[in-house]
Amino acid sequence: MSLLDELKELVVKGDMVNAVEKTQKALDEGLVPGKLIDEALIAAMDVVGEKYKSGELFVPEMLIAAKTMQACMEKLEPLVAADELKSAGKVVIGTVKDDLHDIGKNLVAMMLRGAGFEVVDLGVDVAAEEFVAKVKELKPNILGMSALLTTTVPQMELVIKALDDAGLRSQVQVIVGGAAVTPEFAKNIGADGYAPDATGAVNWAKNCMTGSK
Ligand code: B1M
């Protein structure tokens with residue numbers, strides 16, 4: 001079994017101590033963080049999602065696997081930290097109201113920071129009023145919203161409408177993403193952008209700042 005497969009299996013099992021150790025071992029052997037994230041950590045979450053859907057795993061196991069993934073990501077975060085001093089732009093990001101999934105949002109925030117953006121992370125379960133208040137207070141170039149549940153994606157439209165009502169919509173570019181979001185949905189609710197993954201979000205944000213999106 002490859003090192004990446006071993007790491008994936010440890011994350012699925014929620015074996016945090018050995019998963020973190022394996023992450024370090026993989027780095028020591030020269031594997032790059034992006035490969036570890038895509039081929040072991042995200043791949044593990046896909047397996048967990050499938051097992052949950054088929055009734056093989058339950059919420060507590062899903063949570064332990066998620067915490068294990070986050071512990072591994074903490075090891076990787078310093079390695080993708082930006083070395084640029086000048087901010088590439090300011091981003092406010094959060095997971096929408098009633099949604100507690102934050103791994104994907106954290107990954108997007110981490111990669112944006114790595115690309116030199118100043119990121120203010122509002123966390124999870126963020127209500128429309130809070131997004132609007134932060135846009136008003138911090139005047140970010142970009143607002144990012146994440147949602148993983150089909151029941152919480154409609155919150156994104158509420159936020160965009162609330163920005164409009166507050167007269168702030170034209171001042172900020174809005175990008176949405178997360179497993180429950182599609183490009184069509186993003187377009188229909190009036191978002192400026194959508195990305196299927198963290199790399200896509202960074203590329204979109206960079207293009208947004210240079211006006212070429
Ligand atoms: Co939940 N859960 N969960 N869960 N969970 C899913 C999403 C689910 C698909 C599992 C399944 O049924 N197969 C399902 C949703 C079904 C649906 O609505 N269609 C589900 C469910 C049902 C639930 C509960 C309702 C279960 C229950 O209690 N009965 C409950 C809801 C709680 C709530 O939010 N109110 C729940 C709870 C949980 C845990 C708390 C146990 C845990 C989350 C822990 C945490 O996040 N801290 C959890 C987990 C871990 C998952 C799965 C297994 C993994 C999610 C994940 O982290 N993926 C998930 C199944 C799956 O997605 N395969 C599942 C890895 C992550 C890197 O991917 O977040 O998609 P993702 O992010 C990607 C892209 O989407 C994109 O980039 C990221 C990196 O590539 N992206 C953006 C994300 N945000 C973006 C923003 C952008 C741009 C791109 O711009 C701003």
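Read the numbers this way: they start at 1 and go in the same order the structure lists the ligands and their atoms.
The ligand atoms of ligand 1 that sit less than 4.0 angstrom from a heavy atom of V108 are 77 (O), 82 (C), 85 (C), 89 (C). Near L63, meaning under 4.0 Å from any of its heavy atoms, are these atoms of ligand 1: 40 (C), 41 (C). Residue A198 approaches ligand 1 through these ligand atoms, each under 4.0 Å from one of its heavy atoms: 77 (O), 79 (C), 80 (O). Set against the non-hydrogen atoms of K53, the atoms of ligand 1 under 4.0 Å away are 13 (N). Near G178, with a cut-off below 4.0 Å to any heavy atom, the atoms of ligand 1 are 75 (O), 81 (N), 82 (C), 83 (C), 84 (N), 85 (C). Residue-ligand proximity, D46 to ligand 1, at heavy-atom distances under 4.0 Å covers atoms 63 (N). Remark: ligand 1 atoms within the under-4.0 Å shell around heavy atoms of A195 are 88 (C), 89 (C). The contact set between ligand 1 and G144, taken as ligand atoms under 4.0 Å from a residue heavy atom, comprises 91 (C).
With K90 contributing its side chain and L138 its backbone, the two residues share a donor-acceptor pair below 3.5 Å. In this structure, the side chain of S146 does not engage the main chain of G178 through any donor-acceptor pair within 3.5 Å. Side chain of D192 to backbone of V174: a donor-acceptor contact under 3.5 angstrom is found. Side-chain N or O atoms of R169 include one that pairs as donor or acceptor with a backbone N or O of V172 at under 3.5 Å. Of the possible polar contacts, none joining the N141 side chain to the M209 backbone as a donor-acceptor pair under 3.5 Å is found. In this structure a side-chain-to-backbone donor-acceptor pair under 3.5 Å is missing from D102 to K105. Although no hydrogens or angles enter the test, the distance criterion places a donor-acceptor pair under 3.5 Å between the side chain of D125 and the main chain of D98. Here the side chain of E74 pairs no donor or acceptor atom with the backbone of A71 at under 3.5 angstrom.
Among T95, I103, V12, D197, the residue whose heavy atom lies closest to atom 80 (O) of ligand 1 is D197. Proximity annotation for atom 34 (O) of ligand 1: of V174, T151, L100, L100 comes nearest, heavy atoms only. Among V48, T150, T199, D38, the residue whose heavy atom lies nearest to atom 17 (C) of ligand 1 is T150. When the options D99, D98, L107 are ranked by their closest heavy atom to atom 35 (N) of ligand 1, first place goes to D98.
From the protein, the heavy atom lying nearest to atom 44 (C) of ligand 1 is A66 CB, 3.6 Å. Here the protein heavy atom with the shortest distance to atom 47 (N) of ligand 1 is D102 OD1, 2.7 Å. Scanning all protein heavy atoms for the shortest distance to atom 84 (N) of ligand 1 gives S146 OG, 2.8 Å. The nearest heavy-atom contact from the protein to atom 61 (C) of ligand 1 is M45 O, 4.2 Å. Ranking protein heavy atoms by distance to atom 72 (O) of ligand 1, first place goes to G104 CA, 3.2 Å.
Listing protein N, O or S atoms at distances below 2.8 Å from atom 1 (Co) of ligand 1, with waters left out, gives H101 NE2.
The proximity of A179 to ligand 1, defined as any non-hydrogen pair under 4.0 Å, involves the side chain as well as the backbone. Residue-level proximity to ligand 1 for P196 is carried by the backbone, the only part with a heavy atom below 4.0 angstrom.
Residues Q24 and D28 have side chains that bring a donor and an acceptor to within less than 3.5 angstrom of each other. Side-chain contact check for N18 and E6: no donor-acceptor pair (N or O, by modelled atom type) lies under 3.5 Å. K139 and Q171 share no side-chain donor-acceptor pair at under 3.5 Å.
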### Message
E184 vs K187, test: salt bridge (Lys or Arg N to Asp or Glu O under 4.0 Å). Steps then yes/no.
### Response
CA-CA 5 Å; E184 294 71 35; K187 202 169 162 214; over 6 Å; no
### Task
I would like to know whether K25 and E29 meet salt bridge (Lys or Arg N to Asp or Glu O under 4.0 Å); could you show each step before the answer?
CA-CA 6 Å; K25 185 162 188 267; E29 291 195 8; 3.6 Å; yes
### Query
How far apart are the C-alpha atoms of V108 and N106, what are their side-chain angles, what is the distance that settles it, and do they pass the side-chain contact (heavy atoms from CB on, under 4.5 Å) test?
CA-CA 5 Å; V108 172; N106 293 347; over 6 Å; no
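Tested against I42, the residues I103, L107, V11, D197 include a single side chain to side chain contact (heavy atoms under 4.5 Å, CB included) partner, L107.
In this structure, atom 65 (C) of ligand 1 is in close contact with the protein, since a protein heavy atom lies within 4.0 Å of it. For atom 8 (C) of ligand 1, no protein heavy-atom neighbour is found at a distance under 4.0 Å. For atom 89 (C) of ligand 1, the nearest protein heavy atom lies under 4.0 Å away.
Within the structure, the closest approach of A180 to ligand 1 does not fall below 4.0 Å when heavy atoms are considered.
Residue-to-ligand polar distances keep E50 apart from ligand 1: every N/O pair is separated by 3.5 Å or more.
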